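Have a look at the structure below before the remarks.
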Amino acid sequence: VNASRLNGRKIPGKDVVKEATFLVFRIGKVLFGVNEKCVPLSGESTAESPPRRAEAAPDRGETHSPWSAVFSLGYNLSPSGTKKTTFAGVEETGEAKFTGSPSFLGEANYRANAHFRGAAELGISQLSLNSQVGNETSFFDLRPEYVLGTRGGKWEFYVGPMIGIFFLSQNTETVTLTGANDGTTVAVKQQTATSLLVGVGGGVDYKLNHQFDLGAYLRYFKPGTLKVTGTESFAPDGNSYEAELT
């Protein structure tokens with residue numbers, strides 16, 4: 001139950017009765033049995049926080065803590081959506097295409113056991129119309145993940161859903177309308193739009209050592225409707241403008 005008095009003791013080979021997953025050895029006339037992964041082999045470290053064992057789906061608790069931090073750089077591959085505008089009683093719907101943009105993400109995750117962990121993540125990116133025009137975006141999400149390790153213990157694969165809140169920081173912008181209100185300009189002031197975010201993600205991590213992993217992932221997520229408002233600037237008839245980006 002309490003093996004602290006055995007810490008540091010070296011067991012000669014002649015005293016090992018059975019060497020298997022459950023190691024049995026003799027000290028004097030007394031037999032002891034210990035799970036083999038608790039017993040370092042000759043030359044291995046006997047520190048209190050040994051390296052994570054190369055077993056399928058290892059428990060992060062074998063290192064310093066079940067908590068870990070993740071920092072990543074991603075790229076928003078194909079942002080697109082639908083934009084519905086309402087002005088002077090006229091509704092128009094069209095496709096909204098954006099250029100790719102880098103994403104910076106950071107998360108904290110907790111390893112509940114060998115196969116499950118939970119993550120809280122913060123991401124920052126852009127919705128860019130081109131290299132000069134765009135609006136900042138950020139999101140916060142929670143993500144439960146199922147983790148599957150390989151037999152060698154070096155690789156781990158994971159997948160899970162994500163749910164959170166998406167933020168659009170709209171910059172000051174002048175919009176020129178087309179269609180029925182062609183040529184009318186609208187002033188959109190700086191504002192923030194929010195929506196629910198849902199998605200799914202998966203990835204793979206490679207264990208560099210007992211403390212650091214290197215990984216890659218792919219995620220697909222969809223924010224809800226983002227609403228931006230403005231007012232007519234020319235001619236100034238006081239009409240209001242509303243754009244819903246889905």
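No experiment lies behind these values; they were computed from the predicted model shown.
Here T225 contributes atom OG1 and L196 contributes atom CG; the two are 10.5 Å apart, rounded to the nearest 0.5 Å. For the atom pair CG of D213 and NZ of K207, the computed distance is 8.5 Å after rounding to the nearest 0.5 Å. Taken to the nearest 0.5 Å, the CG atom of L122 stands 8.0 Å off from the CG atom of L105. Considering OG1 of T192 and CG of L168, their distance stands at 7.5 Å, rounded to 0.5 Å. Taking CG of D141 as the reference point, atom CZ of R219 lies at 6.5 Å (rounded to 0.5 Å). To the nearest 0.5 Å, the span separating CG on N239 from OG1 on T86 amounts to 12.0 Å.
Residues V30 and V34 fall within the same hydrophobic cluster, defined by Ile, Leu, Val, Met, Phe, Trp and Tyr side chains chained together at heavy-atom separations under 4.5 Å. L218 and Y75 fall within the same hydrophobic cluster, where Ile, Leu, Val, Met, Phe, Trp and Tyr residues are linked whenever their side-chain heavy atoms come under 4.5 Å apart, directly or through other members. In terms of hydrophobic clustering, with Ile, Leu, Val, Met, Phe, Trp and Tyr side chains grouped at heavy-atom distances under 4.5 Å, L245 and F167 are assigned to different clusters. The same ILVMFWY cluster, assembled from side-chain heavy atoms under 4.5 Å apart, contains both W155 and L208.
Between F139 and F166, the two ring planes are parallel [angle under 30°; tilted spans 30° to 60°]. Aromatic ring orientation, F25 versus F32: parallel (interplanar angle below 30°, classes split at 30° and 60°). Below 30°, between 30° and 60°, or above 60°: for H115 and Y146 the angle between ring planes is below 30°, a parallel geometry.
In this structure a side-chain-to-backbone donor-acceptor pair under 3.5 Å is present from Q191 to T229. Under a 3.5 Å cut-off, the side chain of E121 and the backbone N or O of V70 do not form any donor-acceptor pair. Side-chain N or O atoms of T99 include one that pairs as donor or acceptor with a backbone N or O of S128 at under 3.5 Å. Side chain of S125 to main chain of P102: a donor-acceptor pair is present (N/O by atom type, distance under 3.5 Å, no hydrogens or angles). Under the 3.5 Å distance criterion, the side-chain polar atoms of S101 are matched with a main-chain donor or acceptor of Q126.
Here the shortest heavy-atom pairing between A180 and E92 reads N-OE2, 3.0 Å. Pairing each heavy atom of Y217 with each of S72, the nearest pair is OH-OG, 3.0 Å. Contact record, S233 with V186: OG-N, 3.7 Å, taken as the closest heavy-atom pair. Contact detail for R143 and P161: the closest heavy-atom pair is CG-O, 2.9 Å. Of all non-hydrogen atoms in L197 and P223, the two that sit nearest each other are CD1-N, 3.8 Å. Nearest heavy-atom pair, V188 versus V228, reported as atom, atom and distance to 0.1 Å: CG1-CG1, 3.5 Å.
Side-chain polar atoms of S169 and N135 form no donor-acceptor pair below 3.5 angstrom. For T246 and T82, the side-chain atoms include no donor-acceptor pair closer than 3.5 Å.
Here the side chains of T137 and N76 are not in contact, with every heavy-atom distance at 4.5 Å or above. The shortest distance between side-chain heavy atoms of K227 and E242 falls below 4.5 Å. Using a 4.5 Å cut-off on side-chain heavy atoms (C-beta onward), L148 and V159 make no contact. Put simply, the side chain of V16 reaches to within 4.5 Å of the side chain of L23, judged on heavy atoms. Two residues are said to be in side-chain contact when any heavy atoms from C-beta on lie closer than 4.5 Å; Y241 and L177 meet this criterion.
No salt bridge links R111 with D205; every basic N to acidic carboxylate O contact stays at or beyond 4.0 Å.
Of the options F157, F116, Y158, a side-chain contact (heavy atoms from CB on, under 4.5 Å) to V147 is made by Y158 and by none of the others.
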